[in-house]
Amino acid sequence: MTAFVPASRLPVADYVAAIAPYVGGKPIDEVAREFGLDPARIVKLASNENPLGMPQSARAAMLEAMSELARYPDGNAFVLKEALSKRFDVPLDWLTLGNGSNDILVLAAQAFLQPGKSAVFSQYSFVVYGLATQAVGARAIVVGADGGLGHDLAAMSRAVSDDTQLIFLANPNNPTGTYVASDAIEAFLGEIPSHIVVVLDEAYNEYLPQHLRFDSTRWVERFPNLILARTFSKAYGLAGLRVGYAIAQPAITDILNRIRQPFNVSSVAQAAAAAALADDEFLLRSYENNALGNQRLCASFDQMGLRYIPSFGNFVLVRVGEDDQAGVRVSAALLKVGIIVRPVANYGLPQWLRVSIGLPAENAQFIDALGPALRA
Ligand SMILES: Cc1ncc(COP(=O)(O)O)c(C=O)c1O
């Protein structure tokens with residue numbers, strides 16, 4: 001007979017036991033099973049993945065790397081780091097690789113937080129900031145968003161307390177898609193005392209239109225307390241492989257590298273990411289598909305009289321009703337016809353849905369189904 005231990009008797013810290021697990025977008029196979037649908041006809045617009053799939057260049061690099069899978073990866077990821085170093089004109093010892101950029105966020109919390117200390121982040125910002133903070137027993141200082149659901153940097157700066165050691169700032173932000181202009185971020189970084197580490201999470205950076213892009217890597221020279229967190233999961237199309245990276249000065253990088261798992265990024269993932277980084281054509285196609293889909297979705301929301309937050313990421317937050325069940329209800333109606341979107345009640349946004357931008361046909365299928373789902 002199996003001997004069970006009740007969870008209450010496990011030697012676990014209260015703050016760990018209190019963690020609400022991360023809920024991701026529903027997998028296609030699960031929806032197919034639940035609703036008896038053909039998986040090939042299901043449209044998943046729930047996890048801000050790249051609808052173009054993975055780049056062919058990365059596929060070829062992975063196949064080649066597979067012949068070496070009996071060996072451990074290069075724990076120092078020389079080839080990928082060198083490619084990143086050249087691409088962003090930063091020294092090798094400014095780079096930390098992560099198992100997705102999620103890993104970087106967690107490493108930052110492990111390195112710079114502990115019980116009795118606090119992290120500052122905005123209301124409606126990426127859910128992992130709260131999870132990573134709680135997992136190390138630190139206090140979350142959640143700062144009210146501005147009227148457009150975006151970051152209120154002045155309020156965030158004011159919210160910093162004596163025990164604050166970390167700030168998370170997403171730009172563009174998930175799930176709202178909001179964006180803060182570079183001069184405002186630069187001014188914010190100038191205000192934050194240098195003993196507080198700032199993680200600038202740029203997971204959606206590559207979706208910014210040209211005129212809004214700025215070279216945040218140069219800020220790392222000026223702000224020794226800054227960590228940029230970036231990912232290959234979004235515009236580079238490699239979410240399943242789990243590769244992200246941090247750019248920070250050597251003192252911070254050294255700490256992050258000491259606490260990461262020695263082989264936190266697989267050899268196949270390293271090879272694919274290096275190939276994807278060189279694939280400008282794929283990146284441009286990702287950007288263009290996204291920009292077009294963003295326009296089309298928002299034009300449809302306008303026609304339907306739905307409120308949405310103009311998005312700078314690869315998803316749009318749209319308000320689908322006024323009651324607190326609206327998001328869940330409309331999402332459930334869409335699921336029945338094989339369209340997976342993300343209700344965001346867990347972010348405190350129960351009237352809204354977050355819809356990832358898909359291929360033109362997927363966006364059209366979603367829009368066609370949305371009218372009936374709103375009336376469900
Ligand atoms: C703002 C933000 N940061 C980080 C991540 C983590 O992505 P990954 O771990 O795949 O790099 C996400 C994923 O959705 C995100 O939205």
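Fair warning: this is a prediction, and the values are worked out from it, not measured in the lab. Counting convention: from 1, in listed order, for ligands and their atoms alike. Both backbone and side-chain heavy atoms feed into the values below; hydrogens, waters and symmetry mates do not.
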task = Test the Arg230-Phe88 pair against the cation-pi criterion, namely NZ or CZ under 6.0 angstrom from the six-membered ring centroid and within 45° of the ring axis.
result = yes
Could you list each nitrogen or oxygen of ligand 1 that sits under 3.5 Å from a protein nitrogen or oxygen, with the atom names and the distance?
unit_1	atom_1	unit_2	atom_2	d
ligand 1	3 (N)	Asp201	OD1	3.2
ligand 1	3 (N)	Asp201	OD2	2.6
ligand 1	9 (O)	Ser101	N	3.2
ligand 1	9 (O)	Asn102	N	2.9
ligand 1	9 (O)	Arg242	NH2	2.7
ligand 1	10 (O)	Ser233	OG	2.6
ligand 1	10 (O)	Arg242	NH1	2.8
ligand 1	10 (O)	Arg242	NH2	3.4
ligand 1	11 (O)	Ser101	N	2.7
ligand 1	11 (O)	Ser101	OG	2.7
ligand 1	11 (O)	Thr231	OG1	2.5
ligand 1	11 (O)	Ser233	OG	3.4
ligand 1	14 (O)	Tyr204	OH	3.3
ligand 1	14 (O)	Lys234	NZ	2.9
ligand 1	16 (O)	Asn174	ND2	2.7
ligand 1	16 (O)	Tyr204	OH	2.7

key: Passing candidate, side-chain contact (heavy atoms from CB on, under 4.5 Å) with Val120, options Ile141, Leu169, Val142   = Ile141
request  = May I ask you to check whether Phe232 and Tyr245 place their ring centres under 6.0 Å from each other?
outcome  = yes
inquiry  = I want to check a possible cation-pi pair here: Arg158 against Phe188, using under 6.0 Å from ring centre and within 45° of the ring axis as the test.
reply    = no
message = Parallel, tilted or perpendicular: which one describes the rings of Tyr179 and Phe214, with boundaries at 30° and 60°?
response = tilted
ask   = Counting N and O atoms only, with roles assigned by atom type, does the side chain of Ser47 sit under 3.5 Å from a partner on the main chain of Glu49, one being a donor and the other an acceptor?
value = no
